[in-house]
Participant: 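After the structure tokens below, expect a handful of questions from me.
Numbered from 1 within each chain, the chains take letters A, B, ... in sequence-line order.
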Amino acid sequence: MSNLSITNLTKKFGRTMAISKLSLEVKSGKITVLLGPTGAGKTTTLRCVAGLEKPNEGEIKIDGILINDLPPKERDVAFVFQNFSLYPRYTVFENITSPLRIRGFSREEIDKKVKETARLLHIEQLLDRKPIFISGGEMQRVAIARSLVRDSRIFLLDEPLTNLDAKIREEMRTELKRLQTESGATFFYATPDQAEALSMADWVAVIKNGHLMQEGTPAEIYHQPRNLFVADLVGSPSMNFIPAILEGTNLNVGPGCFVLPLTKEIAQTALGKLSSAQIYLGVRPEDILISREQKEGFYPGEVEIIEPLGLLQIVRLRLDGYFLRVRSEEKARFTVGEQIFFNFKENKLHIFDRQTEERIW
Amino acid sequence: MNEFQRRKAKNRVIVVVLLVILVVYFFPIYWMFSTATKSKAEAFSFPPKWIWKPQFNNFRDIFFTGTGGALGRVRGIEVESKPSAFARQFTNSIIVSFISTILATFLGALSGYVFSRMTVRGKDDLLFVILSSRMLPPVVVAIPLVIMCRALGLFDTRGGLIIMYTAFNLAFSVWMMISFIDDIPKEYEEVALVDGYSRFQAFFKFVFPEMRVGMAATAIFNLVMTWNEFTFALLLTGENARTAIPGIAQSLGTAGVNWGQIAAGSFLMVIPVVIFTFLLGDNLVRGFTFGAIKE
Ligand SMILES: Nc1ncnc2c1ncn2[C@@H]1O[C@H](COP(=O)(O)OP(=O)(O)OP(=O)(O)O)[C@@H](O)[C@H]1O
Ligand SMILES: [Mg+2]
């Protein structure tokens, strides 16, 4: 239960800039998720915190004390590795107890803690086996167990759920979150999976190529993405983007597909912030209304594909050379090739500068 | 022929070929052993005798003078039985080879670990320099080495030979160990480091056991090379620290050739390496297939 503060962290591998000037607060007792695509620098960041990698620049502090030069064992952090390394020669039990044994815990304490942790992660029946005799998902749970078995100041989890199948993954998400809330531990959690990030995090930091793109609560990240990258990364199915040109108070979408009138407020803000009239119009699939009948202010589009997702379905509309993915309820029946009409929910439009890729509305 | 018969026939052919190879490989050893245990007349009879009554006095005679041994240079007339020169040379061989093998393998493992895991400034150049110590033919470096050994008082001492062979085998050991250690996931130690082990504890507890395979393979190569080394053993030693390989060769020149004793000595020279290889053999085979087993 400690907080971690990273300031201006920079790490180079030869000429590759893995992390550049990353600053981030990981608050005590919260889950902070590091979200980014592969190669973004998540693992490198966690390794710097654990002391397995020496940063080129920047400060890493735990509870206000600089730890840059401490060896890993004095940092008192736990780490679940991305490839869940376990000691091949030791049984699951020995693997889990290794951090306790080196710290001189007594036999009874060790037994008690292992029992607890194993029950939590449903691996009691595996304790006597060697890692090669258990499945990938089980190995991952053992790796998690090993890090949770002792009370570390910070828990670093590097994609701990990636190797699990969808069902167990969702179960484990909830389990981990519950565990963290109960114990009040500090989690610093890396994942490329936006759904995992949104569902688990108290605070999300989005990184790309070693740069911090945006940080905030899951809701902020989702509803107010700072730029095209974040908007595109978060949400499933992801946001629709169509190029458009700002013409007075109208958006010429496509251009040439349809003309969308903007409110005065949006038009003015856009005008003030834009460097040119070239923009991207961004709108999430759930913020589009569709209907069979032509209504006031609706635009026509042709149904291209329908992807059923159980309760919901994704309808893909074809416009001139672009398409819009729309989330609609299953009850609404459409047929492929049919012409239908769509409009956007009020105040749900996003406008991105095409040059800077920043969101200006 | 159906598939099954074809495969059976193929297997038979393979077995026959293997048998032939086996006979060819083991024939010299058989020949050594038979010559060593035959009487002089039997040893030279032609066609060779395939059945004989084995005698082991050649083995005794190479270790003790005073019983008519020619390998141990007999000086003067019959004296009471005492260890021969060959006995000393054989002991030298064992001591020098085993100690230098252990040293070279262990040091090679440690340096290999450092080269494999840590950032070493000028790593590639260093590795090249290490390897380059093996590039010159022995004769080229022999004279400077002899001079150096004399200056340091290491000439004709076991210590001198041990240092020489260790240094010599180290190059090979380092390179070999690096490739073995590169194959061990570095996460093993990293997990340990985060778990609370120091670098040293992590190394000995988690990496070292994984390295045993590579070390066994390296050790066998080192031993074979040291055990059979001739040039330096001849040039850097005199009476005292000479090893058995140049020793046997030398005995060819003096006091006539006693083939029975030479065969006995040669046969004995094969034994330690064979025992050592058998003891580590399991590991060795696994060592060579190491890359194949791992995923
Ligand atoms: N040891 C290394 N040597 C050289 N380059 C490295 C090393 N480790 C990481 N990199 C580079 O640094 C960048 C960040 O890598 P990192 O492993 O932190 O990404 P990541 O976000 O964890 O990706 P993933 O989701 O695939 O695990 C990548 O471009 C990677 O190639
Ligand atoms: Mg990673």
Participant: Please name the pair of heavy atoms, one in A/P88 and one in B/E210, separated by the smallest distance, quoted to 0.1 Å.
Facilitator: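 Nearest pair, atom of A/P88 first, then B/E210: CG-OE2, 3.7 Å.
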Participant: Taking everything shown except A/D128 itself, do over 12 heavy atoms lie less than 6.0 Å from its CG?
Facilitator: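 Atom CG in A/D128 is not packed in, count stays at 12 or less.
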Participant: For B/F200, is the CZ atom crowded, meaning more than 12 foreign heavy atoms sit under 6.0 Å from it?
Facilitator: no
Participant: Does A/K177 have more than 12 heavy atoms from other residues, nucleotides or ligands lying within 6.0 Å of its NZ?
Facilitator: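 Count over threshold, so yes.
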Participant: For A/F79, is it the side chain, the backbone, both or neither that has a heavy atom under 4.5 Å from a heavy atom of chain B?
Facilitator: both
Participant: With a 4.5 angstrom heavy-atom cut-off, could you sort out which part of A/D76 is near chain B: side chain, backbone, both or neither?
Facilitator: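 Nothing of A/D76, per the 4.5 Å heavy-atom cut-off to chain B.
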Participant: Between B/A192 and chain A, which part of the residue has a heavy atom less than 4.5 Å away: side chain, backbone, both or neither?
Facilitator: both
Participant: Evaluate whether atom CZ of B/R7 has more than 12 neighbouring non-hydrogen atoms of other residues, nucleotides or ligands under 6.0 angstrom away.
Facilitator: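 At most 12 heavy atoms, drawn from other residues, nucleotides or ligands, come within 6.0 Å of this atom.
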Participant: Hey, which residues of residues 138-164 of chain A are touching chain B, say heavy atoms under 4.5 Å apart?
Facilitator: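 Hits under 4.5 Å: A/R146, A/R150.
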Participant: Please classify the contact between B/E189 and chain A as side chain, backbone, both or neither, with a heavy-atom cut-off of under 4.5 Å.
Facilitator: neither
Participant: If you count heavy atoms of other groups shown closer than 6.0 angstrom to NZ of A/K30, is the number above 12?
Facilitator: no
Participant: Quick one: which residues of residues 60-75 of chain A reach chain B at under 4.5 angstrom, heavy atoms only?
Facilitator: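 The stretch touches chain B at A/P72, A/K73.
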Participant: Tell me whether B/F26 at atom CZ has more than 12 heavy atoms from other residues, nucleotides or ligands lying less than 6.0 Å away.
Facilitator: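 Open.
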Participant: I need the contact set between residues 90-102 of chain A and chain B: heavy-atom distance under 4.5 Å, sorted by residue number.
Facilitator: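 Within residues 90-102 of chain A, the residues under 4.5 Å from chain B are A/Y90, A/S98, A/P99, A/R101, A/I102.
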Participant: Verify the neighbour count for atom CZ of B/F230: are there more than 12 heavy atoms of other residues, nucleotides or ligands below 6.0 Å?
Facilitator: yes
Participant: Between B/F206 and chain A, with a heavy-atom cut-off of 4.5 Å, which part of the residue counts as in contact: side chain, backbone, both or neither?
Facilitator: side chain
Participant: Using non-hydrogen atoms and a 4.5 Å limit, figure out which bit of B/S198 sits close to chain A: side chain, backbone, both or neither.
Facilitator: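 Both backbone and side chain.
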Participant: For a quick test of reading the model, state the closest non-hydrogen atom pair linking A/L86 to B/Y188 and the distance between them.
Facilitator: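 Here A/L86 and B/Y188 meet closest at O-CE2, 3.4 Å.
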Participant: Among residues 35-55 of chain A, which residues come closer than 4.5 Å to chain B, judged by heavy atom distances?
Facilitator: A/R47, A/A50, A/L52
Participant: Kindly check if the number of other-residue, nucleotide or ligand heavy atoms within 6.0 Å of CZ (B/F204) is above 12?
Facilitator: yes
